[in-house]
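Proteins come first, then strands; the chains are lettered A, B, ... in the order of their sequence lines, and each starts at number 1. Quick note: numbers below take in every heavy atom, side chains included, and nothing from hydrogens, waters or symmetry partners. Computed from a prediction, not measured in an experiment: that's the story for all the values here.
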Number of protein chains: 2
Amino acid sequence: MTLSREQVVAGAYSVLQEQGLGGLSMRRVAQHLGVQPGALYYHVPSKQELLAEIASRILAGAPGPTDDPRRAARDLRSALLGARDGAEVVSFVHAFRPDALTTLATLPALFGGLAPREATWAARALVHYVLGFVAEEQNHAELVRLGVLAEDTSDADEAFEFGIGAITTGAAGPR
Amino acid sequence: MTLSREQVVAGAYSVLQEQGLGGLSMRRVAQHLGVQPGALYYHVPSKQELLAEIASRILAGAPGPTDDPRRAARDLRSALLGARDGAEVVSFVHAFRPDALTTLATLPALFGGLAPREATWAARALVHYVLGFVAEEQNHAELVRLGVLAEDTSDADEAFEFGIGAITTGAAGPR
DNA sequence: ACCTGAACACCGTTCAAGT
DNA sequence: ACCTGAACACCGTTCAAGT
């Protein structure tokens with residue numbers, strides 16, 4: 001029953017759920033797996049690579065098959081909300097290794113009415129918005145959980161919808 | 001010539017320019033000032049607080065006086081580009097202490113044609129876009145600087161303009 | 001009041017040595 | 001091949017003791 005890469009990733013994922021991104025250290029993953037920290041490096045080259053693996057799992061299957069950018073944005077949001085600090089993890093990986101997030105590369109194709117470079121700009125705007133929105137959303141939820149912020153019945157869904165509506169129609173229409 | 005809060009912030013700012021956010025540690029700031037790490041805590045309560053101070057300096061005077069959301073977005077971008085890793089620093093502070101960035105709180109007023117809550121949604125979309133866009137822009141520049149990415153003559157200005165155009169007109173018009 | 005010295009409780013990563 | 005033990009070079013923060 002020797003360790004595998006799968007188990008390391010799974011262990012890291014569950015530490016993420018329990019402790020959040022701030023509590024996700026290689027040493028804690030090792031502890032969670034009952035192994036010494038050095039052992040992880042036999043299966044994974046670095047913490048960054050491990051996070052990239054986790055990020056692509058968070059986004060696995062999102063967006064689903066669709067040709068509607070709004071639906072794609074909603075899929076992305078649900079996927080991010082599915083993991084603790086999901087948006088923060090994906091943003092981090094998106095920053096230093098954008099190519100690891102293959103699922104995001106498909107977005108420009110959804111802006112069929114636009115010239116190619118405009119379609120990539122529209123997709124980037126949408127991704128920045130979704131990542132920023134959900135990061136703020138999850139961060140806020142965390143602060144509420146810690147009691148440092150009051151529970152506010154924010155219209156998160158409505159606010160999110162407003163933003164993707166603005167970006168998608170604004171990108172398509174005249175500016 | 002005893003140390004002051006100003007000097008600590010200034011020291012941190014210049015470490016930021018020289019080393020980037022990843023190299024900005026309390027110990028390095030202390031070293032830069034020729035002092036022991038513990039001395040900093042007499043003038044600043046924590047690293048987070050220090051970063052908040054830096055972030056508000058990065059945004060100082062941005063956006064300038066204007067009633068055009070597009071112009072405000074451009075001002076924000078220039079201000080962020082004015083400091084190494086500026087977008088990353090401001091994003092970080094925006095996440096855990098949004099109230100420290102008073103300048104961003106004025107943005108909803110620029111969407112005069114909208115109902116109040118829609119104006120705040122529009123402002124949030126714009127901020128997420130600007131922060132995400134510039135963070136990617138600066139990160140990319142950094143990777144080029146390190147030689148890990150090829151120098152690409154990207155139409156950054158044009159791409160940025162496309163995004164703010166989409167968001168502002170999309171927010172104003174029918175969705 | 002302000003700073004030093006030294007510690008506490010952590011990090012990511014490497015690598016000889018064991019099995 | 002896979003893991004341990006132990007180290008290296010770091011962190012942020014605290015706090016007695018000095019001046």
Side-chain angles (χ1 to χ4, degrees), chain A residues 1-55 84-85 88-89 91-93 95-97 100 142-143 146 148, chain B residues 1-55 84-85 88-89 91-93 95-97 100 142-143 146 148:
Chain A
M1 37 141 277
T2 150
L3 213 56
S4 74
R5 183 182 168 105
E6 302 298 323
Q7 291 175 62
V8 172
V9 176
Y13 191 90
S14 72
V15 171
L16 177 66
Q17 299 301 358
E18 288 160 18
Q19 317 271 358
L21 182 56
L24 175 53
S25 70
M26 296 301 272
R27 299 177 108 99
R28 276 216 254 251
V29 173
Q31 193 180 4
H32 181 89
L33 295 170
V35 92
Q36 296 297 317
L40 303 179
Y41 290 85
Y42 204 88
H43 301 95
V44 144
S46 68
K47 187 182 179 181
Q48 292 209 352
E49 223 62 42
L50 184 51
L51 282 172
E53 193 75 37
I54 291 175
R84 167 118 93 131
D85 292 338
E88 230 173 330
V89 171
S91 291
F92 181 79
V93 173
F96 80 91
R97 180 158 294 202
E142 186 66 14
L143 294 181
L146 294 176
V148 75
Chain B
M1 40 141 275
T2 147
L3 213 57
S4 73
R5 184 183 167 103
E6 303 299 322
Q7 292 174 61
V8 172
V9 175
Y13 191 89
S14 72
V15 172
L16 177 66
Q17 299 302 357
E18 290 161 18
Q19 316 272 358
L21 182 56
L24 174 53
S25 70
M26 296 302 272
R27 301 177 107 100
R28 276 216 254 250
V29 173
Q31 194 180 3
H32 181 89
L33 295 169
V35 91
Q36 294 297 317
L40 303 179
Y41 290 86
Y42 204 87
H43 302 96
V44 142
S46 68
K47 186 181 180 183
Q48 294 209 351
E49 223 63 42
L50 184 51
L51 283 172
E53 194 75 36
I54 292 175
R84 166 118 91 129
D85 292 339
E88 229 174 332
V89 171
S91 290
F92 181 79
V93 173
F96 79 92
R97 181 159 293 202
E142 186 67 15
L143 294 181
L146 294 175
V148 73

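Residues R97(A) and Q48(A) have side chains not in contact (no heavy-atom distance under 4.5 Å, counting atoms from C-beta outward). Here the side chains of I54(A) and V93(A) are not in contact, with every heavy-atom distance at 4.5 Å or above. Looking at L40(B) and L33(B), their side chains come closer than 4.5 Å, going by heavy atoms from C-beta outward. In this structure, the side chains of P37(A) and R27(A) come closer than 4.5 Å at one or more pairs of heavy atoms. Side chains of E18(A) and R84(A) form no contact here, defined as non-hydrogen atoms less than 4.5 Å apart. Between V44(A) and E53(A) there is no side-chain heavy-atom pair separated by less than 4.5 Å. For the pair F92(A)/E88(A), no side-chain contact is recorded, criterion being any heavy-atom separation below 4.5 Å from C-beta on.
Consecutive Watson-Crick or G-U pairs involving DNA chain C, each under 3.5 Å on both distances, make up stems of three or more pairs at C:4-8 with D:12-16, C:12-16 with D:4-8.
Heavy-atom neighbours of Q17(B) CD from other residues, nucleotides or ligands within 6.0 Å: above the threshold of 12.
Taking atom CZ of R5(B) as the reference point, atom C1' of dC2(C) lies 16 Å away to the nearest angstrom. Separating the CG atom of L51(A) from the C1' atom of dC11(C) is a distance of 14 Å, rounded to the nearest angstrom. Atom-to-atom, CG of L33(B) to P of dC2(C) comes out at 16 Å; the value is rounded to the nearest Å. Rounded to an integer number of Å, the gap from CD of Q36(A) to P of dG12(C) is 14 Å. When rounded to the nearest whole Å, the span between CG of L40(B) and C1' of dT4(C) equals 12 Å. The distance between atom OH of Y42(A) and atom C1' of dA1(D), rounded to the nearest whole Å, is 4 Å. In this structure, CG of L21(A) is placed 15 Å from C1' of dG12(C), rounded to the nearest angstrom. Whole-Å rounding puts the H43(A) NE2 to dT4(D) P distance at 10 Å.
Here the side chain of R28(B) is nearest to one of dG12(C), dT4(C), dC11(D), namely dC11(D).
dA9(C) and dA9(D) are spaced 23 Å apart, taking the P atom of each and rounding to whole Å. If you take atom C1' in dC11(C) and the same atom in dA7(D), they sit 14 Å apart, rounded to whole Å.
The closest donor-acceptor contact from the side chain of H43(A) to the backbone of V8(A) lies at 3.5 Å or more, if one exists at all.
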Quick one: which protein N/O atoms are closer than 3.5 Å to N/O atoms of nucleotides 13-15 of chain D? Pair and distance per line, please.
from    : atom 1 : to     : atom 2 : distance (Å)
dT13(D) : OP2    : Y41(B) : OH     : 2.6
dT13(D) : OP2    : K47(B) : N      : 3.0
dT13(D) : O5'    : Y41(B) : OH     : 3.3

